[in-house]
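Let me begin by presenting the structure, written as structure tokens, before commenting on it.
Below, read A as the first sequence line, B as the second, and so on, with proteins coming before strands; counting in each chain starts at 1. Since we're looking at a predicted model, the values are computed, not measured.
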Amino acid sequence: MNWIFKTEPSECSIDDIANAGPAGVVWEGVRNYQARNFLRDDVKLDDLVLIHHSSCAEVGLVGLGKVVKLAYADPSQFDPASPYYFAKSSPENWPWVAVNVAFVEKFHKVISMAELRQHPQLAEMLLLKKGNRLSVMPLTKIELELVLFLNNA
DNA sequence: GCCAACGTTGGC
DNA sequence: GCCAACGTTGGC
């Protein structure tokens with residue numbers, strides 16, 4: 001499948017992913033059950049991931065990554081020093097998973113949500129839905145291909 | 001910083 | 001298990 005992952009660039013930007021090398025970055029800190037279920041059950045190796053910068057000056061799609069490690073226990077849930085620490089997690093029983101995401105490409109420009117909204121083919125894109133707060137969401141092949149086309153347009 | 005939308009919590 | 005109150009997300 002194909003995905004959009006949201007990230008705050010102050011925490012993990014497309015450049016950080018580019019600098020992480022083939023092992024990728026640890027995609028940690030997902031603390032929503034619906035997003036967790038996608039990560040755990042549906043995200044597969046080599047799935048392509050559009051990277052979306054949120055809560056920043058230039059919100060939008062900034063590049064492409066791919067999944068290089070399947071879901072495993074999110075290490076941050078066990079780390080009291082982490083903002084993502086989850087006190088109820090134990091080594092035997094933990095709810096939160098991480099995957100690793102490696103760099104594929106950085107877009108020539110930030111593709112804003114306003115630009116995406118101009119394309120009727122993207123009307124059903126979850127990212128554009130009102131009130132959507134999922135940080136991990138599926139994307140159709142058509143939607144992905146159109147975004148990649150827009151990057152080169 | 002505003003605020004709509006959604007998720008979570010907790011009393012009952 | 002209902003639902004009001006509260007907290008968080010995240011675009012604008």
Side-chain angles (χ1 to χ4, degrees), chain A residues 1-18 20 24-43 47-67 71-101 103-140 142-151 153:
Chain A
M1 290 179 71
N2 310 299
W3 305 94
I4 296 178
F5 286 7
K6 291 186 195 171
T7 178
E8 299 189 10
S10 58
E11 195 159 344
C12 180
S13 72
I14 186 69
D15 293 322
D16 294 329
I17 298 170
V25 296
V26 178
W27 206 271
E28 63 182 11
V30 172
R31 294 292 181 272
N32 168 283
Y33 282 102
Q34 198 180 348
R36 186 283 308 267
N37 291 346
F38 280 134
L39 278 186
R40 186 190 60 189
D41 303 332
D42 299 315
V43 169
D47 278 1
L48 294 174
V49 179
L50 283 176
I51 304 299
H52 179 267
H53 281 179
S54 64
S55 298
C56 60
E58 232 184 331
V59 169
L61 297 170
V62 294
L64 189 65
K66 70 172 176 181
V67 176
Y72 57 100
D74 179 344
S76 68
Q77 69 192 311
F78 306 116
D79 177 5
S82 168
Y84 302 121
Y85 179 59
F86 191 72
K88 294 179 193 163
S89 288
S90 68
E92 301 79 31
N93 191 8
W94 42 267
W96 306 118
V97 301
V99 300
N100 285 18
V101 177
F103 182 74
V104 175
E105 70 172 317
K106 181 176 178 176
F107 290 164
H108 305 116
K109 57 184 177 180
V110 176
I111 302 177
S112 70
M113 296 175 70
E115 179 173 356
L116 296 174
R117 279 189 232 278
Q118 293 176 0
H119 300 276
Q121 304 95 316
L122 299 179
E124 296 304 310
M125 199 172 171
L126 287 175
L127 180 69
L128 303 181
K129 294 283 184 179
K130 185 173 59 171
N132 173 39
R133 290 167 23 182
L134 270 182
S135 62
V136 172
M137 43 196 159
L139 177 77
T140 69
I142 299 291
E143 289 164 347
L144 173 63
E145 286 173 355
L146 181 53
V147 169
L148 297 179
F149 173 80
L150 292 176
N151 174 46

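Rounded to whole Å, atom C1' of C/dT9 lies 12 Å from atom CE of A/Met113. Rounded to whole angstrom, the span from the CD atom of A/Glu8 across to the C1' atom of C/dG10 amounts to 8 Å. Residue A/Lys6 contributes atom NZ, which lies 17 Å from atom P of C/dT8 at whole-angstrom precision. C/dC12 atom C1' lies 16 Å from atom CG of A/Leu116, rounded to whole Å. Between A/Leu127 atom CG and C/dT9 atom P there is a gap of 17 Å when expressed in whole angstrom units. Remark: P of B/dG7 and CG of A/Asn37 are 13 Å apart, rounded to the nearest angstrom. Spacing between atom CG of A/Leu126 and atom C1' of C/dG11 amounts to 16 Å, rounded to whole angstrom units. Atom CE in A/Met137 sits roughly 9 Å away from atom P in C/dG11 (whole-Å rounding).
By the 4.0 Å N-to-carboxylate-O rule, A/Arg36 lies too far from A/Asp74 to be salt-bridged with it.
Nucleic acid contact for A/His53: none, since no nucleic acid atom lies under 4.0 Å from a heavy atom of the residue. Residue contacts for A/Arg117: at a heavy-atom cut-off of 4.0 Å it reaches the sugar-phosphate backbone alone, with no base atom in range.
Note on ring orientation: taking the six-membered ring where Trp is involved, the planes of A/Trp27 and A/Phe5 are tilted (angle from 30° to 60°).
Side-chain proximity of A/Lys130 to the nucleotides C/dG10, B/dA5, B/dG7 is greatest for B/dA5. Of the listed nucleotides (B/dA5, B/dG7, C/dC12), B/dG7 has the atom at the smallest distance from the side chain of A/Asn32. Comparing C/dG10, C/dC12, B/dT8 by their closest approach to the side chain of A/Arg133 singles out C/dG10.
Defined by atom type and a distance below 3.5 Å, a donor-acceptor pair is missing between the side-chain atoms of A/Ser54 and A/Arg133.
The two atoms that bring A/Thr7 and A/Cys12 nearest to each other are OG1-O, 2.7 Å, heavy atoms only.
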